[in-house]
Amino acid sequence: SLVMTLNRRLHVALNRVRAGNYQLSGLVGFDMNGKTCGIVGTGKIGQIAAGLFQGFGMRIICYDPVRSEAMTLMGCEYVELNEVYKQA
């Protein structure tokens, strides 16, 4: 939900409403489909996050010293940590 909040700029919308400004301009987010998401740590939380991001049609790259078979089966790509920082 935090990703969607930031994507749709709900924090900006809240501040505008508090100020009495109800304009919608500048509040439309971007399409997350096709974007790259980087996950550092592929334990249970990383696996759940990867599943959520895949639901948005995102490409998942990840890093963990110990590779998870579940992440590989989900179609996630393991890369080096520097590559996660560069691509995501």
Side-chain angles (χ1 to χ4, degrees):
S1 63
L2 179 59
V3 171
M4 292 303 296
T5 297
L6 294 173
N7 183 28
R8 296 295 180 186
R9 297 178 177 90
L10 291 181
H11 58 291
V12 175
L14 176 64
N15 290 334
R16 283 186 183 181
V17 168
R18 286 182 178 161
N21 179 353
Y22 298 97
Q23 294 181 349
L24 296 177
S25 62
L27 297 178
V28 178
F30 57 89
D31 189 8
M32 294 176 15
N33 186 36
K35 302 276 194 249
T36 300
C37 174
I39 297 178
V40 177
T42 57
K44 291 288 185 187
I45 294 173
Q47 291 173 24
I48 292 169
L52 292 171
F53 292 127
Q54 279 186 330
F56 290 113
M58 299 181 78
R59 174 179 166 245
I60 310 295
I61 59 172
C62 53
Y63 169 80
D64 197 311
V66 179
R67 294 184 177 209
S68 165
E69 185 178 339
M71 292 291 278
T72 305
L73 291 174
M74 289 172 62
C76 301
E77 177 186 353
Y78 274 93
V79 296
E80 291 299 318
L81 187 57
N82 289 337
E83 281 300 309
V84 173
Y85 295 147
K86 286 178 188 177
Q87 295 184 37

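Through chains of ILVMFWY side-chain contacts below 4.5 Å, Leu2 is grouped with Leu6.
Few gaps surround CG on Leu73; more than 12 heavy atoms of other groups in view lie less than 6.0 Å from it.
Remark: Lys35 pairs with no residue by the salt bridge (charged side-chain N to carboxylate O under 4.0 Å, His left out) rule, at least two apart or across chains. Annotation: side chain to side chain contact (heavy atoms under 4.5 Å, CB included) contacts of Asn21 (sequence neighbours excluded): Arg16, Gln23.
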Pair up each side-chain donor or acceptor in residues 38-61 with any protein partner under 3.5 Å, not counting sequence neighbours, and list the distances.
{"from": "Thr42", "atom 1": "OG1", "to": "Asp64", "atom 2": "OD2", "distance (Å)": "3.3"}
{"from": "Thr42", "atom 1": "OG1", "to": "Tyr78", "atom 2": "OH", "distance (Å)": "2.9"}
{"from": "Gln47", "atom 1": "NE2", "to": "Thr42", "atom 2": "O", "distance (Å)": "3.2"}
{"from": "Gln47", "atom 1": "NE2", "to": "Ser68", "atom 2": "OG", "distance (Å)": "3.1"}
{"from": "Gln54", "atom 1": "NE2", "to": "Met74", "atom 2": "O", "distance (Å)": "2.6"}
{"from": "Arg59", "atom 1": "NH1", "to": "Thr36", "atom 2": "OG1", "distance (Å)": "3.2"}
{"from": "Arg59", "atom 1": "NH1", "to": "Gln87", "atom 2": "OE1", "distance (Å)": "3.1"}
{"from": "Arg59", "atom 1": "NH2", "to": "Glu77", "atom 2": "OE1", "distance (Å)": "3.0"}
{"from": "Arg59", "atom 1": "NH2", "to": "Gln87", "atom 2": "OE1", "distance (Å)": "3.0"}

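Leu81 and Val79 fall within the same hydrophobic cluster, defined by Ile, Leu, Val, Met, Phe, Trp and Tyr side-chain heavy atoms under 4.5 Å apart, directly or through other members.
The CZ atom of Arg9 lies 7.5 Å from the CZ atom of Phe30; values are rounded to the nearest 0.5 Å.
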